[in-house]
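A short worksheet on the structure shown next.
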There are 2 protein chains.
Amino acid sequence: MTQGPTAAHPVPVLPSRGPVRPLGLAQVSITGGFWGDRQAVNAAATLAHCETWMERLGWLANFDRVADGTTASDRPGWPFSDSEVYKLLEALAWESFRTGEAEAESAIKRLTARIARAQDPDGYLNTCFGHGGQPPRYVDLEQGHELYNTGHLLQAAVARLRTHGEDELVRVARRAADHVCRTFGPGGRAGICGHPEIEVGLAEFGRALGEARYVEQARLFLDRRGHGTLGDIPLGRAYFQDDVPIRQADVWRGHAVRALYLSAAAVDVAVERGDDELLDAVRRQWERSVARRTYITGGMGSRHQDEGFGEDWELPPDRAYCETCAGVASIMVSWRLHLATGDVRYTDLIERTLYNVIASSPADDGRAFFYANPLHQRTPGRPSDGTEVSPRAESGVRAAWFDVSCCPTNVARTLAVLDAYLATTDGDGLQLHQYAPCVIAADLPDGRRVAAQVETGYPADGAVHVRITEDASAPWTLSLRVPAWAEGATLTDDGRTRPAAPGTVTVRRAFRAGDVVTLDLPVRPRFTWPDPRIDAVRGCVAVERGPEVLCVESHDLPAPGLLDALVIDASGGPAADAGGALVTGRSRARAGAGWPYAAARPDASGDDGFDVRLRPYHAWARRGPSAMRVWLPASS
Amino acid sequence: MTQGPTAAHPVPVLPSRGPVRPLGLAQVSITGGFWGDRQAVNAAATLAHCETWMERLGWLANFDRVADGTTASDRPGWPFSDSEVYKLLEALAWESFRTGEAEAESAIKRLTARIARAQDPDGYLNTCFGHGGQPPRYVDLEQGHELYNTGHLLQAAVARLRTHGEDELVRVARRAADHVCRTFGPGGRAGICGHPEIEVGLAEFGRALGEARYVEQARLFLDRRGHGTLGDIPLGRAYFQDDVPIRQADVWRGHAVRALYLSAAAVDVAVERGDDELLDAVRRQWERSVARRTYITGGMGSRHQDEGFGEDWELPPDRAYCETCAGVASIMVSWRLHLATGDVRYTDLIERTLYNVIASSPADDGRAFFYANPLHQRTPGRPSDGTEVSPRAESGVRAAWFDVSCCPTNVARTLAVLDAYLATTDGDGLQLHQYAPCVIAADLPDGRRVAAQVETGYPADGAVHVRITEDASAPWTLSLRVPAWAEGATLTDDGRTRPAAPGTVTVRRAFRAGDVVTLDLPVRPRFTWPDPRIDAVRGCVAVERGPEVLCVESHDLPAPGLLDALVIDASGGPAADAGGALVTGRSRARAGAGWPYAAARPDASGDDGFDVRLRPYHAWARRGPSAMRVWLPASS
């Protein structure tokens, strides 16, 4: 299918070609359930929370200071704090359309006005460089984040353009994009930004406006990278993917968010230009990185030192960094790859990442967040009163705000447009990828209308009912993704039940309003074993239930200190337990104190068995700080 | 025993009281063997190598620039580069005495002259602060390292004073110490240095000169710490041990070298003041840290992010940082604790650290070094041509020099005075702690003379022959440390052989010249199992041989890529193999490509067994870059 720019199609990603077409906020609406609840909290609490913190810390006033000519060397915030304002604006734009909330619209206008005042006459817009008392523009491409900030501005403008149409925010973004093209375009400075993001912003803004030169500028940035274009840094050029050209790389490496934003842009550029070499390069990197450098949660990036991917098989659960933003970025890449290929392995990974990374981050009240998402916490974190900025991403407790606070706004913008990741259409029907209560209505290219309502208690319950809501004028195909873990799934249609193997199951017929197709996904808990090359979890097993990875928390043990002595019986299978699982655990005899290495093999036996309850990983530390583990030592 | 200052006693640590008295370079001389070879390379190559690099990088010229008034904001090197010059000077001072090398003496004079010219009239001496174009003195106690540098200057002066007597270097150090006392003493600024070192320098310089006020200043710095005295930093105040007063802490945490230098000073101050509370605090921290936060190699500090200790049981082999300098610092603490208590568990840990951390660092030619000492390398490092500064400490290949180059000079100063860590005396005889070919001659407090020659091929061979070289005027006691691993050791004296249990074995009699006492240590290879709470090595076993931890390198496998599929048979014991061991390995069936988590438990069986040779860990990557592992997955 090929599409031109569609101004009134509220989606974050709209390729001009591809085997499937994304459905946007005008066509899919989540109506409740697991994600509906989280969207409601996002709308009611998180958006205002983010604005409040940015006001409190002076990140918003930074724009006023530029406008008022009162900048100085004492600017609060990191050089990338502007981007948080833009990510909030993007979230508000989706939210304003999704719910019609007046407050969201009002916040957009209020923030846009402050931002617009800070733009220089030539389109440059940044509160950290180029004004009184500040370093000049673009003197520190490695760490300055100027183009990174602009990329997020462009993404916000895409959201505004596609939900509302041109306004001041879009005009500001256009001037900023033009400035970037003039400065770094052909004949300009051959620079790139240390943190990729401008590329994905330019590509989508170009698609949204039908401006091919923005896409071309994105390509230029992509192809400049990987040749030692940036200065070297102690962490090495792999940190910002300037070590190897993206077309030649085989695996993601370095800073995870950087690697993933870059790959997202590469898919966009590849699709727009029909550049299969570039598309294949990203698919190849996805394959190897997912096979060897990804946690069972979908989390990416195992190293704290550089917020980066480790080597193959380097996946420690305790020091798993798994930045929430890397989860967002992974979804960005997989969604683009799915739109480019139709392969449901990409939407499978999106589901895993949504339930186990994105859902883990925000607190129940939407006012605190996990930044890192480790799979093992040995000692409970220290409770926070919600009034302090967390200096670090690693605490075992959700924090109200961070010194580097990229994750809250990234979660907010993702949840606000999550409806747009649920379904696609192609020339012959509707494809459902993520299962949530929702209503869907869309027209196929030939005018056939597909409309359905999804009713489900997923993931707590595995039954997904797709109720057709309009009579079909002609047969069409309903496609349902069957997750890779869902061995034993069945599809019931028109009174007949048949097996639905992992991959895609389809029903093609002339549907009548009221017809119900039911996909039954086996969400009973199951054991999952790691590849033996993942050294850090040797001898351990995880428990999963549907798309959710489960975990044991110290709250649920007979004594909290038992967690580091726990061994579970993996001879049978885990038992079902409301929304979780039950296994039998034992407390293993401990080695003595003193030197922890001994001639005697540790005794694997333990005391009498006791019930160990597992709950979803995304729910951890919600009942107060806890020790926690996903990977459980298995006795047999 | 109580001693006054002993100007002609060349030892790095000389407490004024304690159950044992250290023997110095005048009393013990290593004559060859494992450590003698390394000392020879250190003398012949490393010392000049260090000076050459510091000249090349301008770290020495920094002193000239201060002296010439030509400083500017473009100073090369980190703020702590001065300390490398001082550590080299310390090494040269020991070396000059140990071997009488004219070049060492000449280097001392040459370097001292340049340093002395840079000292300000009031005693302040630093090339990074306080001069033209530089920040003022002491504006950045958190990261500026000014007092840290001075601490190393004082340690160099101690070496010079005890090997040569007062000279220009000692006078420079005295002026610097007086400046520190004036600036930070009672009534002065209540500051401390972000990197502990001034404390241990002041305490020993005070002991060497009989200047109690220097020891008192060290105490003042110690007691000021732990109260949030320094500004907070993103890594938190635990990074530089300013989170909890040292008297109250239970475990080492934060940056490992900082924690250990601080503890070394605390033992010195505790001993000088008879402060048992402080001594007990360090002993308690040693106990818990050795039991829960120390690698089998003796390496300390598991985290790259902050070069720091992780939490209890957080000991990943692949990302083990185990900085070489933390090994040096651990030896500093354990030696002081031994001198304060006589407990041989401290000298046991010193032996482990010497063979598996210190010996691992320098290349055979003494011109390249490991900075980090991981216990698992999945992919071989990239070969270096020896002309480049390594930006990072983590490469799998020894580097000629580092951007932060603390380790080469730390190894150099340790090897140059290693003789002084071999033996002690008490009121009744001689205690041998480390076994190397050496000659020893010392007088006991009552005038009895103890003299012996140690002949041994240790650690390749377990027989240690102590040949008495002077007739005794009266009976005395020869004590030999029996390492904790040495179950089955025997002592042969006067034709009789008896068991020698781990701990200490003694012979007391009126020795005659020519008498030989032989300690036979069982250095056959053995399996060693980890405490089950060390998650990262669950299901794995290590092989040790005597004090050496062994490892498998990809060089020694039928195919290099087998290392990550290797499982060894741990049902019997490892077989002996010249200087190493042999085990039977299998290549485990691999899981498929794609998603690395599956419903099926990994198959523990493999193909036909093959011989796997293990060699000492300290020898790894000496035959070219290799993949390596210490902890081996065990099948049964």
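The sequence lines fix the lettering, A, B, ..., with proteins before strands; numbering per chain opens at 1. Values below: all heavy atoms of this structure, side chains included; hydrogens, waters and symmetry mates excluded. None of the values given here were measured: they were computed from a predicted structure.
- Considering only heavy-atom pairs separated by less than 4.5 Å from chain A, the leading option among B:Thr379, B:Val404, B:Asp403 is B:Thr379.
- Among the residues in residues 232-240 of chain B, those with a non-hydrogen atom closer than 4.5 angstrom to a non-hydrogen atom of chain A are B:Pro234, B:Leu235.
- The candidate from A:Glu287, A:Arg526, A:Arg345, A:His376 with the greatest count of non-hydrogen atom pairs under 4.5 Å with chain B is A:His376.
- Neither the backbone nor the side chain of B:Pro316 comes within contact range of chain A; no heavy atom of the residue lies under 4.5 Å from a heavy atom of that chain.
- Ranked by heavy-atom pairs under 4.5 Å with chain A, the first of B:Ile296, B:Thr528, B:Asp348 is B:Ile296.
- At a cut-off of 3.5 Å, with distance as the only test, a side-chain donor of B:Gln305 or A:Arg319 sits close to an acceptor on the other residue.
- Considering only residues two or more places apart in sequence or on other chains, A:Ser289 meets the side chain to side chain donor-acceptor pair (under 3.5 Å) condition with none of them.
- At a 4.5 Å heavy-atom cutoff, the contact between A:Trp631 and chain B is made by side-chain atoms alone.
- Here CD1 of B:Ile534 is found 11.5 Å from CG of A:Asp564. Values are rounded to the nearest 0.5 Å.
- Interface residue B:Arg629: only side-chain heavy atoms are found under 4.5 Å from chain A.
- A heavy-atom distance below 4.5 Å is not found between the side chains of A:Arg292 and B:Pro596.
- The neighbour count for B:Arg524 CZ, taken as heavy atoms of other residues, nucleotides or ligands under 6.0 Å away, does not exceed 12.
- Using a 4.5 Å heavy-atom threshold, the side chains of B:Asp318 and A:Trp313 count as separate.
- Proximity to chain A (any heavy atom under 4.5 Å) is restricted, for B:Ala600, to the backbone atoms N, CA, C and O.
- Taking chain A as the reference chain and counting heavy-atom pairs below 4.5 Å, the highest number among B:Glu487, B:Glu311, B:Arg378, B:His304 is found for B:Arg378.
- If you measure heavy-atom distances from A:Arg352 to chain B, the contacts under 4.5 Å come from the side chain alone.
- Residue B:Tyr597 touches chain A through both its backbone and its side chain, counting heavy-atom pairs closer than 4.5 Å.
- Only the backbone of A:Asp312 comes within less than 4.5 Å of a heavy atom in chain B; its side chain stays farther off.
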